[in-house]
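Working notes for the structure below.
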Amino acid sequence: MTNFTDSKNATHHWYPFLKYQEECEAAGKEASVNDWMRASGQLQNRIEFEEAKKAAEAEALKAKAEAPKKEA
């Protein structure tokens with residue numbers, strides 16, 4: 001008989017997080033739902049948005065830094 005409350009083999013939607021939490025505890029780090037969702041690819045759209053935003057900010061800073069050079 002399968003033990004569905006065992007996080008190592010259960011398929012309930014929270015058990016994968018509980019397994020992640022156990023892995024984090026073993027590694028000595030704190031587990032969070034946000035980190036788990038990022039690690040499991042469930043926030044890929046958000047990650048891509050954040051990367052695009054950082055790239056746009058970096059490009060804007062670069063353009064702003066080059067603007068005075070062109071005026072001089």
Side-chain angles (χ1 to χ4, degrees):
M1 185 167 160
T2 304
N3 182 357
F4 291 107
T5 60
D6 182 359
S7 64
K8 291 173 185 57
N9 61 13
T11 57
H12 185 272
H13 66 279
W14 274 113
Y15 288 120
F17 173 73
L18 295 177
K19 184 174 181 178
Y20 172 77
Q21 189 175 30
E22 289 173 356
E23 292 169 359
C24 286
E25 284 179 21
K29 62 181 185 175
E30 187 176 337
S32 74
V33 173
N34 191 27
D35 290 341
W36 168 66
M37 291 182 75
R38 286 176 179 274
S40 63
Q42 297 180 44
L43 293 179
Q44 194 58 39
N45 289 339
R46 178 67 183 183
I47 293 167
E48 290 169 2
F49 167 76
E50 290 171 354
E51 290 171 351
K53 184 178 175 183
K54 284 181 188 176
E57 289 172 349
E59 187 64 33
L61 287 173
K62 182 179 174 184
K64 186 176 180 181
E66 291 177 356
K69 292 178 186 175
K70 290 180 181 178
E71 293 175 5

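Predicted model, so just to flag it, every value in this text is computed and none were measured.
- Cluster membership check: M37 does not share its hydrophobic cluster with I47, using side-chain heavy-atom separations under 4.5 Å among Ile, Leu, Val, Met, Phe, Trp and Tyr.
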Using the rule given for salt bridge (Lys or Arg N to Asp or Glu O under 4.0 Å), can you reason through K54 versus E50, listing the C-alpha separation, both sets of side-chain angles and the distance that settles it, and then say yes or no?
CA-CA 6 Å; K54 284 181 188 176; E50 290 171 354; over 6 Å; no
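- Taking CD of E30 as the reference point, atom CD of Q21 lies at 9.5 Å (rounded to 0.5 Å).
- Residue E48 places its CD atom among more than 12 non-hydrogen atoms of other residues, nucleotides or ligands, all under 6.0 Å distant.
- The structure places CZ of R46 at 13.0 Å from CD of Q44, a figure rounded to the nearest 0.5 Å.
- Here the NZ atom belonging to K53 is positioned 5.5 Å from the CZ atom belonging to F49, to the nearest 0.5 angstrom.
- Using a 30° and 60° split on the angle between ring planes, W36 and Y20 fall in the tilted class, from 30° to 60°.
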